[in-house]
Amino acid sequence: MAGIWVYAEQAGGQPNASALELLTKARDLGGEVAAVVLGPGAKEAAPALGEHGAATVYAGDDPVFDDHLAQPRVEVLHRLVDEHRPNLILFASSYDSRDVAGRLQARTASTLMSNASDVLAPDRAQTQIFGGTKVVDVELAGPDPKLVLIRPKAFAAEPSGGTADVVDVPTDMPDEAKRARVVERHEEEASGPKLEDASVIISGGRGLQDPKNFELLQELAKALGKAAVGATRAVVDAGWVPYSMQIGQTGITVKPEVYIAVGISGATQHLVGMKESKRIIALNKDPDAPIFRIADLGVVGDALKVLPAVTEKLRSS
Amino acid sequence: MNVVVLAKYVPNPTGTPQLGEDHLLVREGVEGSLDPGDEPAIEAALETVEQAGGEVTVVSMGPAPAMEAVRKALSIGVHKGALITDDALRGSDTLATAQVLASAIQLQEFDLVFAAVESTDGYTGTLPQTLAEFLGVPALTFARKVELKDGAIRIERQIETGYEVVEAPLPALVTVTAGATTPRYPTLKGIMQAKQKPVDQPSLQDLGLTAENVAATQSVTKVVDAPERQAGEVIEDDGSAADRIVQFLKEAKVV
Ligand SMILES: Cc1cc2nc3c(=O)[nH]c(=O)nc-3n(C[C@H](O)[C@H](O)[C@H](O)COP(=O)(O)OP(=O)(O)OC[C@H]3O[C@@H](n4cnc5c(N)ncnc54)[C@H](O)[C@@H]3O)c2cc1C
Ligand SMILES: Nc1ncnc2c1ncn2[C@@H]1O[C@H](COP(=O)(O)O)[C@@H](O)[C@H]1O
């Protein structure tokens, strides 16, 4: 039976949504499913991973896994791979997992596929290219384990009700693995619902013209309730808003009930992160903006005029 | 200080990409350029040697026209280049690319390697990490700020919930996000000087690699069109757009 592993991310004992999504898929592929989870809180996260299909969870709680970026994780993951020889390892497409999978590839000399949207078999996966307009099947050859990084929200997480054997991992580390050191951590405080959970998302792009106009989005979000504010990479790179708000290929993927794109041109890299939204409203002053091609309701107009008017009407209704 | 910066030649970064009959991205016969995503990394490399002294070498693997990407980097101020071109590398994946780049970088001593976080055409986003492992150095990734301090490298690393400050001694590899630096433009003088700057073109053999080492491990078996979303109603704002939006939100049952 194929050994299918999930490299599971967690924070403070809570598995990330991606870990549960990947386990649900791993289970469907019908192999022997295991998860590897590392960093303080890992053991606490293990039962939930078992509930979503991991028969074995290799867990390491040691702070060494959080303090030196990917290298200690790769060290341990590589040792486990050498010992148990899985055929396929699924990773989330997050920054941290990209670091781990990339380094692991150099050690296992196996193939790595990024941005997968589905896994068809332990050696076959699917991806979408050109802004999600084409679906491509890819066959993976070469030595095991195949390494596949999956886009967020590609699958819906469903518990299977299992329990996992939790196995300790080694924590002894060569000094070379500890050369990079995380010396400070700055978390931005989020207010209101998270982007992943919001039923309405109002996203802003360069068309807002000034960082302070993002407040217009916040105002509308408040008037709506259950709404969150997102952004394009252009305004994140410009330093208007933090990266945690970035939606798209290199940000998060969202599927809200309604997505409102304000002053966003609709670059393919943005679209892949939001085009699965149930309904899309686009507000742009350029009638030829590509965003209108996927919008259910397109408004050609000045965002700085229309937005406050919507907020006003919602408040007074 | 010897600083290396990676540069990728990408076909047509702003136009519509095309797939060939072999399901590979068409890279020849289309207008190409230096990946604009590499420019912030080039800037970071130049700023580093301006501060600490030394030279920047641009390293690229790609088809013959990739020389244009190398020349562009040289015209921006990079001191010398290396370009690895070989028919055996057509369609090669990230493992082979990382192996080739690692071997080319190791032809000389290096202190720092800069790369972008992902390429505009391939966006695998893992190549620099694989390369770092081959080079045996830490990878400080997703930097939104880069600083050289007391002979160590220090970055602000973007994370989902904010940022973290990460330090490492040299040698190290750093991946740079688009907002980390403000790239300078090539000057006329720079463009003229670029023509005189040395570009090494080692063969696979010079790098101690064979065609087998770099054989592709992924093959596309099928390409189909994804289901398309249809455009809906488009209205011009004549003062009533806000009403229409509110009505739409009500129909969607979110107010
Ligand atoms: C490898 C790679 C990865 C990327 N990943 C991402 C990603 O994850 N997410 C992402 O978003 N992008 C990503 N990008 C960037 C992407 O290609 C675009 O550059 C970006 O999405 C553009 O952002 P924008 O729509 O805010 O800006 P622009 O493209 O500049 O669009 C601004 C829009 O605002 C409109 N406008 C101007 N004034 C007004 C007004 N007063 N009222 C209404 N409309 C107005 C304009 O008509 C225009 O359409 C990536 C790019 C690359 C190469
Ligand atoms: N063929 C190449 N030559 C030089 N640098 C490359 C090459 N491929 C990728 N890179 C570098 O690695 C980064 C990530 O690439 P990718 O993994 O393809 O997304 C790119 O932005 C470049 O900086």
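Below, chain A is the first sequence line, B the second, and so on; all start at residue 1.
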Pairwise distance [atom1]([X]) to [atom2]([Y]) - rounded to 0.5 angstrom:
X	Y	atom1	atom2	answer
I245(B)	L307(A)	CD1	CG	7.5 Å
S110(A)	D93(B)	OG	CG	10.5 Å
T177(B)	Y95(A)	OG1	OH	7.0 Å

Taking [options] one by one, which has the highest count of heavy-atom pairs under 4.5 Å against chain A?
options	answer
A252(B), A172(B), S219(B), A241(B)	S219(B)
E164(B), R229(B), E160(B), K222(B)	R229(B)
V234(B), L95(B), V220(B)	L95(B)
R157(B), R144(B), K253(B)	R157(B)
A168(B), G162(B), P138(B)	P138(B)
P169(B), A96(B), A215(B)	P169(B)

With distance as the sole test, does [X] use its side chain to make a donor-acceptor pair with the main-chain N or O of [Y] at under 3.5 Å?
X	Y	value
Q218(B)	L112(A)	yes
T221(B)	E139(A)	no
S114(A)	T124(B)	yes

Heavy-atom contact with chain B under 4.5 Å, split by part of [X]:
X	answer
A109(A)	both
K305(A)	neither
A101(A)	neither
L149(A)	side chain
K226(A)	neither
D123(A)	neither

- Message: Set out, in order, the CA-CA distance, both residues' side-chain angles and the distance that settles side-chain contact (heavy atoms from CB on, under 4.5 Å) for V246(B) and V310(A), then state yes or no.
- Response: CA-CA 7 Å; V246(B) 171; V310(A) 176; 4.0 Å; yes
Identify which part of [X] has an atom lying under 4.5 Å from any heavy atom of chain A, answering side chain, backbone, both or neither.
X	result
A139(B)	both
Y163(B)	both
D243(B)	both
E236(B)	both
L249(B)	side chain

Under a 4.5 Å cutoff for heavy-atom pairs, which residue among [options] has the most contacts with chain B?
options	result
P242(A), A177(A), A180(A), A295(A)	A180(A)
E312(A), Q71(A), Q249(A)	Q249(A)
M113(A), E257(A), Q128(A)	M113(A)
H68(A), R103(A), R185(A), E184(A)	R103(A)
L69(A), T311(A), L140(A)	L69(A)
T268(A), D67(A), L104(A), I280(A)	I280(A)

- Take D237(B) and D302(A), measure what side-chain contact (heavy atoms from CB on, under 4.5 Å) needs, and give me the verdict at the end. CA-CA 8 Å; D237(B) 179 36; D302(A) 183 354; over 6 Å; no
- Looking only at heavy atoms, what is the nearest atom pair of F292(A) and A231(B), with distance?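 Here F292(A) and A231(B) meet closest at O-CB, 3.6 Å.
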- Task: Begin with the C-alpha distance, continue with both residues' side-chain angles, and end with the deciding distance and a verdict on side-chain contact (heavy atoms from CB on, under 4.5 Å) for D296(A) and F248(B).
- Result: CA-CA 10 Å; D296(A) 301 291; F248(B) 185 94; 3.9 Å; yes
- Task: List the steps and the verdict of salt bridge (Lys or Arg N to Asp or Glu O under 4.0 Å) for R98(A) and E118(B).
- Result: CA-CA 11 Å; R98(A) 274 159 67 176; E118(B) 64 215 337; 3.2 Å; yes
- Task: For the residue pair D99(A) and T141(B), confirm or rule out a side-chain donor-acceptor distance under 3.5 Å.
- Result: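 Yes.
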- Assess whether side-chain contact (heavy atoms from CB on, under 4.5 Å) is satisfied between T94(B) and Q105(A), documenting all intermediate values. CA-CA 9 Å; T94(B) 52; Q105(A) 184 190 26; 3.3 Å; yes
- Task: Answer whether the closest heavy-atom distance between the side chains of Y123(B) and N115(A) falls below 4.5 Å.
- Result: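 When only atoms from C-beta onward are counted, N115(A) and Y123(B) do touch, with a gap below 4.5 Å.
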